[in-house]
Amino acid sequence: MKSLDNVRFVLVGTTHPGNIGAAARAMKTMGITNLHLVSPKIYPSAEATTRASGADDVLHRAVVHDSLDDALAGCHYTF
């Protein structure tokens, strides 16, 4: 297991699906693949997929939560 497998990137209340895709693309570039979304306005979205540009796998693994508490469940440290 790579140490980055333990990193969870959480976006809260995202209003523009393009930002979700851009975050997924940036995450993949850094080797982070665990994307969690809290109450996104629009997801899934073709625009998110387009902006992900090669990080479709990160989007497909994304977990959607109803609350920040749910998204952070099991986390030991948050920043």
Side-chain angles (χ1 to χ4, degrees):
M1 174 184 265
K2 299 183 307 183
S3 62
L4 291 177
D5 289 343
N6 293 322
V7 174
R8 181 181 301 180
F9 195 89
V10 180
L11 296 176
V12 179
T14 311
T15 58
H16 192 285
N19 290 337
I20 296 170
R25 185 179 67 240
M27 289 170 58
K28 183 154 185 163
T29 299
M30 294 182 282
I32 301 169
T33 59
N34 294 314
L35 175 61
H36 290 248
L37 306 170
V38 178
S39 301
K41 184 175 181 181
I42 304 169
Y43 185 79
S45 164
E47 186 170 0
T49 302
T50 299
R51 291 282 305 270
S53 185
D56 297 359
D57 57 327
V58 175
L59 286 182
H60 291 296
R61 293 182 57 202
V63 179
V64 178
H65 301 274
D66 292 326
S67 72
L68 181 57
D69 286 341
D70 288 346
L72 297 179
C75 291
H76 298 284
Y77 302 103
T78 59
F79 303 93

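Quick caveat: nothing in here was measured; it's all calculated off a predicted structure.
- The two residues Leu59 and Thr49 have their closest heavy-atom pair at CD1-CA, 3.6 Å.
- Annotation for Thr33 and Arg61: closest pair OG1-NH1, 2.9 Å, computed over non-hydrogen atoms.
- Heavy-atom minimum distance, Ser53 versus Arg25: CB-CD, 3.9 Å.
- Put simply, the residue from Lys41, Arg51, Glu47 that forms a side-chain contact (heavy atoms from CB on, under 4.5 Å) with Pro17 is Glu47.
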Subject >> Intermediate values then yes/no, side-chain contact (heavy atoms from CB on, under 4.5 Å), Leu11 and Asn19 >> reply: CA-CA 9 Å; Leu11 296 176; Asn19 290 337; 5.9 Å; no

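- A single hydrophobic cluster is seen to contain both Val64 and Met27, as judged by linkage of ILVMFWY side chains at heavy-atom distances under 4.5 Å, directly or through other members.
- No side-chain heavy atom of Ile20 sits less than 4.5 Å from a side-chain heavy atom of Ser45.
- Counting only distance, with no hydrogens or angles, the side chain of Asn34 and the backbone of Asn6 share no donor-acceptor pair below 3.5 Å.
- Between Tyr43 and Thr14, the closest side-chain pair of non-hydrogen atoms is not below 4.5 Å.
- Taken together through direct or relayed side-chain contacts under 4.5 Å among Ile, Leu, Val, Met, Phe, Trp and Tyr, Val63 and Leu35 form parts of separate hydrophobic clusters.
- Here the closest heavy-atom approach between residue Gly54 and residue Lys28 is recorded as O-NZ, 3.5 Å.
- Residue His36 holds its NE2 atom at 9.5 Å from CG of Leu72, rounded to the nearest 0.5 Å.
- Heavy-atom minimum distance, Val58 versus Ile32: CG2-O, 4.3 Å.
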